[in-house]
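Report on one structure; see the data block that follows.
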There are 2 protein chains.
Amino acid sequence: MRSSGQPTINDVARLAGVSKKTVSRVINDSPLLHAETRRRVETVIRELGYVPNPQARALALRRNFLIGLVHDNPNAQTVMNVQQGMLDGLRGTEFELVVRPIDRAAPTMLDDLRHVLERQRLFGVLLMPPISEDDAIARLCEALGCRYVRMGSALLDTPARMVASNDRVAVAEAAAHLLASGHRRIGFIGGPAGFRSAHERRAGFEAALAAAGLALGEAQVAAGDYSFAGGQAAAARLLDADPRPTAIFACNDEMAAGALHAARARGLAVPDDLSIIGFDDSAIAAHLWPPLTTVRWPSRTMAAAAARKLIEDEATVPTHFPSALIPRGSVAPPRC
Amino acid sequence: MRSSGQPTINDVARLAGVSKKTVSRVINDSPLLHAETRRRVETVIRELGYVPNPQARALALRRNFLIGLVHDNPNAQTVMNVQQGMLDGLRGTEFELVVRPIDRAAPTMLDDLRHVLERQRLFGVLLMPPISEDDAIARLCEALGCRYVRMGSALLDTPARMVASNDRVAVAEAAAHLLASGHRRIGFIGGPAGFRSAHERRAGFEAALAAAGLALGEAQVAAGDYSFAGGQAAAARLLDADPRPTAIFACNDEMAAGALHAARARGLAVPDDLSIIGFDDSAIAAHLWPPLTTVRWPSRTMAAAAARKLIEDEATVPTHFPSALIPRGSVAPPRC
DNA sequence: GCGGGCGTAGATACCGGTGTCATCGCTCAT
DNA sequence: ATGAGCGATGACACCGGTATCTACGCCCGC
């Protein structure tokens, strides 16, 4: 009578001589079970290699076990770190990770996202920056009954729905590092307007300058877009000024790499003629020449915490995760 | 009587005054439906915002709509490209992508993987290199009734279960590029033993040398491990030889980046004193200085094709995807 | 001796879909 | 007239789990 295919709860019940409900109790570690019965059922489960069907469970429990990662992040390494972190946080649970990159620029973005969330009925999603900063997306999740946690560089939501670094403090630290090396003319390559992280990082930079009695003049600031090419163009503008800056802080590593290229193209040696600091501690940071001094964003740890926040009710998971300066070889005292 | 929550097929049936089966026929585009009935049901579906429950569907159909990506690849950009490609291939279908990095080095790896495949009952998985080269994993998928497609640098399986580049040809082309520039002493940084891609790339390299009447001496070869540090160490060995090579081919970009560092550490200018070619066209390739000449592995296109192979029965999806040389700035004629 | 409480297990309905087969009203060839 | 064939629809069981409620045996106090 048994078909081929994987064994079901009915097969286990029949072979163990109990009802399906009893098998269900064994699976779910119900305390009201005779030890002997439990043992017998467990033996059959092992012999049959029975594994509960998650779809059936999801249907009966009216909830599923899919956690989504929604992102629109140009930085592959950061996304991978976050994925890895989420898997860390989900380890040992029955939740599975599904990934959904979206295109923030597409006009149909919100509809696409709604479509996915409705169709798949995800249990919850992690929103990565920059889309984590979009309140419309958070509201959409809420409206669809999908739990969410946002990952960001500052507290944008209630702590239960947020894991946050403190980019402001970390960037201030980086700027202080440059100031301590003797730099006074420091260029700043910002992130795209509307990105909270860009805002926070600039605020931290300005605060550090202010603490040293310096102001950030408009000529020292160039807008970037978190891309390599954008960093290159921004650095070109900064370096063509007279006097040119002796150091540059870029709001991410990609742009810092672009700044490095721009410096090279002008015959400037790094770090002797120009010091550079980036942000993210992405893979390229260590692989550039010279290795890039940067700020590490604790993406993996944060993502793991975010995943636990999604699946746990208790609010014992921390919300704040400090970023840290990683000194490498791209900073030296100014020559002149 | 209606609870809150999302509307179900029963709600639609009741409001449209038809049976659930008829609603099911509308959802599944059954041809045996009166146009008027279909219209009426569709109207109710739209008004209610009804979306079929994928878990219930999966249960009734005895198959689900989850496609997995299993990888153990150190290169984040490649993994992201593959993810993106799979989503390209899955677009417009009801399949969802789940991601599962595994640790090939862990002794429990096969058990972990078995656990995941059994629990989630994935419809199919895409195996990325290097684990795609592991026949034990492929056999495990087969034993668990999980379809799979392997992605690799040569045809390792039947075409229905494979998408392949032809690394041998592409590397021969890269080597020919160096030879055409006038190089005769060309070092080779290999990949880890046991990696098919490493084997293929070396074979292509040797073939190109042979075609030019050259042999690959053991002194010209250094073993690498596809990591930055490994490439650095291997290049160091090659560059300390006398006479040193005037060009180096590295089996991936990470190692090429390491070679670049090793050259810098010895005061050698790239490309004037040393030409370098990598493989992968990963993000760092374009961001290094000088921008790295490399071979593009068509990961996104291949992954899209692999995804379609997984979900389609017809064997109309192509299996071979040529790699292409991307000339940038790291190759020049030898000085001496 | 008997009702009540407790621990253990089963019967049954249900989650939200799909497959199978029966039904019903037509048209059309005989 | 009649029944075969066909298009459109519904009734019902089923997928593999879980929740709810009931049943049963047993010990207890009265």
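A note on names: the letters A, B, ... follow the listed sequences, proteins ahead of strands, and every chain is numbered from 1. Values in this document were obtained by computation on a predicted structure and should not be read as measured data.
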Output the rounded distance in Å from [atom1] ([X]) to [atom2] ([N]).
| X | N | atom1 | atom2 | answer |
| --- | --- | --- | --- | --- |
| A:Leu33 | D:dT18 | CG | P | 13 Å |
| B:Asn64 | D:dG17 | CG | C1' | 15 Å |
| A:Leu32 | D:dA19 | CG | C1' | 13 Å |

* Can a side chain N or O of A:Ser19 be found less than 4.0 Å away from OP1 or OP2 on C:dA9? -> no
* **B:Thr22 side chain near D:dG10 phosphate (N/O to OP1/OP2, under 4.0 Å)** =>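 Yes, within the criterion.
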Measure from the side-chain N and O atoms of [X] to the backbone N and O of [Y], and report whether any donor-acceptor pair falls under 3.5 Å.
| X | Y | answer |
| --- | --- | --- |
| B:Asn73 | B:Pro129 | yes |
| A:Ser299 | A:Thr78 | no |
| A:Arg40 | A:Ala16 | yes |

* To do: Would you mind listing every side chain to side chain donor-acceptor pair (under 3.5 Å) that reaches into residues 101-112 of chain B, with sequence neighbours excluded?
  =>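 Counting only pairs at least two positions apart or across chains, the side chain to side chain donor-acceptor pair (under 3.5 Å) contacts touching residues 101-112 of chain B are B:Asp72-B:Arg104, B:Thr108-B:Asp112.
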* Structure fact -> Nucleotide by nucleotide, nucleotides 15-26 of chain C touches protein heavy atoms under 4.0 Å in the pattern (B base, S sugar-phosphate only, - none) BBBBBB------
* Asked: Regarding A:Thr8 and A:Lys20, is there a side-chain donor-to-acceptor distance under 3.5 Å anywhere?
  -> no
* Asked: Once the angle between the rings of A:Phe95 and A:Phe123 is folded into 0 to 90°, is it parallel (under 30°), tilted (30 to 60°) or perpendicular (over 60°)?
  -> tilted
